[in-house]
Number of protein chains: 2
Amino acid sequence: MAGDVAAAWTAVERLGRERRPDGSPPWSIRPLFAADPARFARFSRRGGDLLLDFSKTAIDQRALSALLALAEAAGVEAWRDAMARGEAVNATEGRRALHMALRAPQGAVPANGGPEVAAEIQATLARMAAFTRAVHAGAMRSAGGEPFAQVLNIGIGGSDLGPAMAYQALAGPDSPLPVRYLSNVDGHAWRELLPSLDPRRLLVLIASKTFTTQETMANARLVKAWLAEALGGEDRAAQHLVALSSNLSACAAFGIPPERVFAFGDYIGGRFSLWSAIGLSLALGLGWERFAALLAGARRMDEHFLTAPLAENLPVLLALVEVWHVNALGLRRRAVLPYDERLRRLPAHLQQLEMESLGKRVSLAGEPLARHSGPVVFGEPGTSAQHSFMQLLHQGSEPVPADVILIARPDHPWRRQHLILLAHGLAQTEALLSGRDADSLRAEMMRAGAGPAEIERLLPHRVLPGERPSVTILLPRLDPTTLGQLIALYEHKVAVLGALWGINPFDQWGVELGKQLAAPLLEELESGRPDPARHDASTLGLLEEILRLQREA
Amino acid sequence: MAGDVAAAWTAVERLGRERRPDGSPPWSIRPLFAADPARFARFSRRGGDLLLDFSKTAIDQRALSALLALAEAAGVEAWRDAMARGEAVNATEGRRALHMALRAPQGAVPANGGPEVAAEIQATLARMAAFTRAVHAGAMRSAGGEPFAQVLNIGIGGSDLGPAMAYQALAGPDSPLPVRYLSNVDGHAWRELLPSLDPRRLLVLIASKTFTTQETMANARLVKAWLAEALGGEDRAAQHLVALSSNLSACAAFGIPPERVFAFGDYIGGRFSLWSAIGLSLALGLGWERFAALLAGARRMDEHFLTAPLAENLPVLLALVEVWHVNALGLRRRAVLPYDERLRRLPAHLQQLEMESLGKRVSLAGEPLARHSGPVVFGEPGTSAQHSFMQLLHQGSEPVPADVILIARPDHPWRRQHLILLAHGLAQTEALLSGRDADSLRAEMMRAGAGPAEIERLLPHRVLPGERPSVTILLPRLDPTTLGQLIALYEHKVAVLGALWGINPFDQWGVELGKQLAAPLLEELESGRPDPARHDASTLGLLEEILRLQREA
């Protein structure tokens with residue numbers, strides 16, 4: 001089996017280096033379209049409401065076969081099923097990865113951790129639904145007896161990015177309650193939010209699994225003190241607080257009774273947690289029905305992922321495209337370009353989901369990886385991105401594969417705006433592929449009246465090489481159901497890449513050291529006395545300079 | 001000279017490949033600190049109010065000398081001076097790059113394009129100041145005779161990102177007028193802004209140099225129609241409009257008279273234009289004095305850039321660090337981590353500034369580049385980023401150099417929040433450098449009571465390799481003066497990299513093709529009739545699928 005995997009890797013990597021039988025280079029895409037009129041149909045797939053088009057990559061039938069053989073050799077299906085069955089696939093932490101159980105329909109969870117997990121999840125969902133309805137109905141009220149009119153979610157990382165992204169995507173004029181998100185420990189973040197908040201009608205969610213996350217608790221204390229000041233005491237402030245946490249005793253010590261604590265098991269990782277109690281801000285901000293539809297959408301992708309053959313399986317194919325780019329072609333940066341302003345925080349969510357999951361350097365067995373793992377992910381919405389960094393995608397010294405996300409139908413009445421948006425999204429994928437050759441440019445410039453010397457001088461600057469890969473994901477519209485599918489698609493892509501690269505996509509040991517080192521630095525900043533023995537000369541020098549600048553003020 | 005440059009490149013690239021005389025690998029950093037107690041002092045520099053610390057990179061004295069020799073051989077100083085003198089350094093477009101002239105003090109502009117340019121710029125600045133004061137004083141009024149209470153800036157790319165970033169960074173409780181920014185042609189962007197806007201008191205700035213940018217003009221027409229509907233006619237709507245544009249006749253045709261048009265010359269590139277009329281939203285939103293202080297801050301960095309020797313010159317050094325990472329060590333991704341929530345759009349601005357300027361594949365002479373140019377730039381504010389993609393920076397399969405931006409003094413009263421923020425920023429640079437070795441981890445885990453088998457199983461997952469480079473930029477506080485310096489630092493870094501790589505950092509030919517291809521696609525989307533002869537099978541297939549989904553609704 002290990003030998004099979006090694007051979008399968010070798011086959012994929014060789015295809016990325018060697019010319020094809022027709023003589024075309026392995027990264028070229030245009031010859032594939034020229035050779036196969038049915039290429040679009042052959043290299044695009046449907047799953048749920050989504051269409052995934054990966055025909056604008058250099059993957060041909062041989063490469064796809066080699067990639068699928070790798071997926072088989074690496075045991076992607078067995079890994080997927082082990083995850084679904086509730087095995088401890090997060091091996092380094094001895095934990096299960098049961099985010100699929102969060103959206104499994106009631107009564108239909110033979111797998112996903114078994115009946116106890118299902119019961120726990122359903123009980124929490126039922127409490128969340130009842131709480132949400134009580135808040136919306138005005139049955140759950142503020143210390144002053146008023147209905148709550150605003151929600152503030154305090155959380156960081158997985159307790160912030162997923163919900164904040166989905167709220168941004170789905171909130172509209174009809175949403176029941178406005179939600180604001182406070183993540184950064186930087187006091188400027190709180191200062192910016194303050195003027196828009198009314199403490200008398202503000203419901204505050206404190207989202208931290210352990211209830212010890214330093215940044216979140218510092219912000220929670222700040223906000224609680226502000227509420228206490230405005231409302232007349234800590235007890236009254238506490239009536240505005242809700243905890244999304246598994247640490248009941250810490251919540252109680254903070255003044256939050258168990259009936260206002262919504263928990264989730266250690267089988268839910270932060271970056272996969274928006275479907276859990278961590279999503280309460282979504283239920284409050286969008287309405288319970290829309291939150292339930294988000295879960296149902298994710299479930300739809302789960303079912304596709306769990307049942308579709310590898311060659312038809314969207315998350316598997318998206319993962320294989322990444323392997324092709326990272327490992328066969330050596331392209332270790334990827335752009336995410338949602339052509340929808342409502343998805344403007346999707347790149348940030350995917351940065352966390354993908355880079356935290358796949359930014360690993362040892363295998364599950366603890367061996368150094370033989371090849372590269374997760375790429376850098378970045379992005380901004382189109383068309384704005386076209387007027388910014390897209391220049392580098394077209395003419396940079398190295399291709400940057402892009403995920404282009406298009407939404408067929410808008411939720412606004414300005415049809416022409418939407419068609420302009422879609423035209424540009426399509427045109428970018430077309431331009432990245434086709435490029436612009438010297439002959440057609442020369443002809444165009446001659447028609448425009450340019451002289452031969454000017455034409456020859458400018459030509460090299462205006463030529464676009466093309467052959468730059470993109471993947472397009474098309475959604476009929478953006479609603480809770482399709483967004484749920486889209487997010488789950490990327491979640492499962494990450495899990496598949498874990499299996500392909502042989503890494504644990506569910507842990508994040510690399511972030512511990514920074515937290516540890518921050519503690520003594522905080523003491524030194526507070527006392528104003530740096531400890532030279534503790535630091536390298538740079539950190540010490542910066543610390544001293546900061547203290548000097550602070551004294552100067 | 002060309003031979004000198006080639007030799008200088010060879011020297012730099014060789015240092016990136018070969019072990020150092022002491023046997024350490026060329027990418028290692030810790031041995032440099034061990035060998036040189038004065039490393040921090042030796043590899044950090046001050047310029048204006050900024051401190052640049054590049055000691056946490058693998059650049060040693062030999063590498064710095066080689067890099068400085070490259071800067072000399074590549075003629076960085078001559079290029080800088082040619083730019084300042086107003087030569088057509090944007091050679092492919094035959095244009096000057098005179099953004100420094102925008103912030104040159106009155107009467108002190110012998111260079112920078114000469115007296116005519118200075119007069120033009122001073123005249124526009126004087127008109128901007130008078131207009132700003134008239135709006136703030138209520139002398140410039142709405143169609144209904146009310147003082148304006150809100151500003152909307154409609155622009156995209158350079159007409160949006162720079163001003164939006166600086167407004168986000170500098171607006172506070174005392175700011176005179178709230179400004180909103182509308183960039184994306186996506187109607188959802190406009191739909192989201194609508195509820196916060198009062199047409200009776202809204203001043204609208206339409207920012208497009210040519211006044212033909214498709215997205216901006218589509219949004220401008222939408223907003224003008226909405227104003228006309230609310231205010232009772234196009235003429236009344238036009239009284240709320242201002243243009244930031246060089247196309248006076250198009251502005252007039254749109255109903256904007258010359259006295260409400262603020263122009264800027266073709267010697268100002270979009271991504272360098274926030275100091276020009278394009279910055280009017282900043283003057284209105286922050287107050288004239290603070291806009292003037294922003295210009296003065298940039299000027300301070302200009303003076304440093306124009307006068308400091310190469311080895312002391314912050315923009316030059318920052319550019320050389322990038323060359324070291326991209327070309328000597330092959331690291332073609334860079335993270336920007338501002339530890340200040342107010343700077344959360346700085347990464348997006350730098351993405352445009354750097355990737356649009358440096359995403360090039362041919363030299364000024366039109367030859368294919370022999371080496372890589374601009375890297376991918378991405379980022380989010382710390383500490384939030386630590387709970388997201390920083391895992392990959394610590395344990396990913398390849399280092400990602402980071403720019404860490406720290407602000408010594410906050411503009412809020414919550415001291416402890418700020419110290420936590422700074423402690424984490426410093427700790428990240430320390431952790432990236434030091435890593436965590438197996439022995440100290442083993443000892444820690446034993447103290448925590450872990451058994452030997454568990455320790456050995458987990459150890460490889462918890463080890464951090466360290467030796468990951470970062471650069472720290474320290475500002476005393478964030479205000480218009482220091483932000484001006486920071487932005488200008490990156491602007492000049494980009495110009496220097498243009499000289500080092502031998503490319504034109506001021507053009508962006510690569511973005512033209514997508515615009516051209518969008519036009520027929522828009523026609524096909526509007527008519528519902530795709531033209532198969534025009535497109536590859538993928539673009540055609542997606543177009544047909546979009547049309548099918550739209551008919552389905």
Side-chain angles (χ1 to χ4, degrees), chain A residues 40 55-56 92 156-157 183-189 191 333 341 351-352 355-356 359 362 366 372-373 376 378 384 387-389 391-392 394-397 408 412 414 417 419 421 423-424 427-428 430-431 436 460-462 476 508-510 513-514 517-518 521-522 525 537-539 541 546 549, chain B residues 40 55-56 92 156-157 183-184 186-189 191 333 341 351-352 355-356 359 362 366 372-373 376 378 384 387-389 391-392 394-397 408 412 414 417 419-421 423-424 427-428 430-431 436 460-462 476 508-510 513-514 517-518 521-522 525 537-539 541 546 549:
Chain A
F40 172 69
S55 64
K56 286 191 184 106
T92 60
I156 196 163
S183 158
N184 203 330
V185 72
D186 181 9
H188 299 105
R191 191 190 69 157
R333 305 101 53 99
E341 191 67 16
Q351 273 179 338
Q352 171 176 48
M355 293 172 66
E356 194 168 37
V362 297
H372 281 290
S373 53
V376 159
F378 70 102
S384 301
H387 294 259
S388 168
F389 58 77
Q391 163 68 32
L392 185 142
H394 288 290
Q395 288 189 317
S397 57
H412 62 68
W414 305 292
Q417 306 282 119
L419 299 186
L421 181 73
H424 279 284
Q428 287 299 311
E430 195 172 30
R436 190 71 200 266
H461 299 276
R462 299 192 59 178
Q508 57 281 322
W509 295 103
L513 178 62
L517 296 181
L521 281 161
L522 178 56
L525 283 163
S538 163
T539 305
I546 287 170
L549 288 166
Chain B
F40 172 68
S55 64
K56 286 190 183 110
T92 59
I156 197 164
S183 157
N184 203 330
D186 181 9
H188 299 104
R191 191 190 68 157
R333 304 101 55 100
E341 191 66 16
Q351 273 179 338
Q352 171 174 49
M355 293 172 67
E356 194 167 37
V362 297
H372 281 290
S373 53
V376 159
F378 71 102
S384 302
H387 294 259
S388 169
F389 58 76
Q391 162 68 32
L392 185 142
H394 288 290
Q395 288 189 317
S397 57
H412 62 66
W414 306 291
Q417 308 281 119
L419 299 186
I420 295 175
L421 182 73
H424 279 284
Q428 287 300 311
E430 196 173 29
R436 190 73 200 266
H461 299 277
R462 299 192 59 178
Q508 57 281 320
W509 295 103
L513 178 61
L517 296 181
L521 281 160
L522 178 56
L525 283 162
S538 163
T539 305
I546 286 170
L549 288 166

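As the structure is a computational prediction, the values presented were derived from the model and not from experiment. In the text below, chain A, chain B and the rest are named by the order of the sequence lines, each starting its count at 1.
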Next on the checklist: I'd like to verify something: which residue of A:Pro460, A:Gly541, A:Ala427, A:Ser388 has the highest number of heavy-atom pairs under 4.5 Å with chain B?
Outcome noted: A:Ser388
Checklist outcome for this item: Distance col, row B:Gln351:CD vs A:Gln391:CD, nearest 0.5 angstrom, shows 14.0 Å
Next on the checklist: As a quick check of understanding, evaluate side chain to side chain contact (heavy atoms under 4.5 Å, CB included) for B:Trp509 and A:Gln395, giving each step before the final call.
Outcome noted: CA-CA 8 Å; B:Trp509 295 103; A:Gln395 288 189 317; 4.0 Å; yes
Next on the checklist: Do B:Phe378 and A:Arg333 make a side-chain contact, defined as non-hydrogen atoms from C-beta onward lying under 4.5 Å apart?
Outcome noted: no
Checklist outcome for this item: Here the gap from A:Gln428 atom CD to B:Leu513 atom CG, rounded to the nearest 0.5 Å, amounts to 8.5 Å
Next on the checklist: Let's test your reading of the structure: which of A:Ser183, A:Gly157, A:Gly396 forms the most heavy-atom pairs below 4.5 Å with chain B?
Outcome noted: A:Gly396
Next on the checklist: Counting heavy-atom pairs closer than 4.5 Å to chain A, which one of B:Arg462, B:His412, B:His188 comes out on top?
Outcome noted: B:His188
Checklist entry - What residues form a salt bridge (charged side-chain N to carboxylate O under 4.0 Å, His left out) with A:Arg436, not counting sequence neighbours? => result A:Glu444
Next on the checklist: Please give me the minimum heavy-atom distance between A:Leu392 and B:Met355, naming the atom from each residue.
Outcome noted: CB-O, 3.5 Å
Item to check | Those residues that, when tested against A:Ser55, pass side chain to side chain contact (heavy atoms under 4.5 Å, CB included) (two or more places apart) | outcome: A:Phe33, A:Arg39, A:Phe40, A:Phe43, A:Asp53, B:Ser538
Checklist entry - Highest number of heavy-atom pairs under 4.5 Å with chain A: which of B:Ala431, B:Ala423, B:Gly510? => result B:Gly510
Checklist entry - How about A:Glu430 and B:Leu521: do any of their side-chain heavy atoms sit closer than 4.5 Å? => result yes
Checklist entry - Atom NE2 in B:His387, atom CD in A:Gln508: separation rounded to 0.5 Å? => result 10.5 Å
Next on the checklist: I want to check something: taking the side chain as every heavy atom from C-beta on, are B:Thr539 and A:Lys56 in contact at a cut-off of under 4.5 Å?
Outcome noted: yes
Checklist outcome for this item: Of A:Asn184, A:Asp186, A:Val185, the one forming a side-chain contact (heavy atoms from CB on, under 4.5 Å) with B:Ser384 is A:Asn184
Checklist outcome for this item: Most heavy-atom pairs under 4.5 Å with chain A, out of B:Gly514, B:Ala189, B:Pro476, B:Ala537, belong to B:Ala537
Checklist outcome for this item: Answer key: most heavy-atom pairs under 4.5 Å with chain A among B:Gln417, B:His394, B:Glu356 is B:Gln417
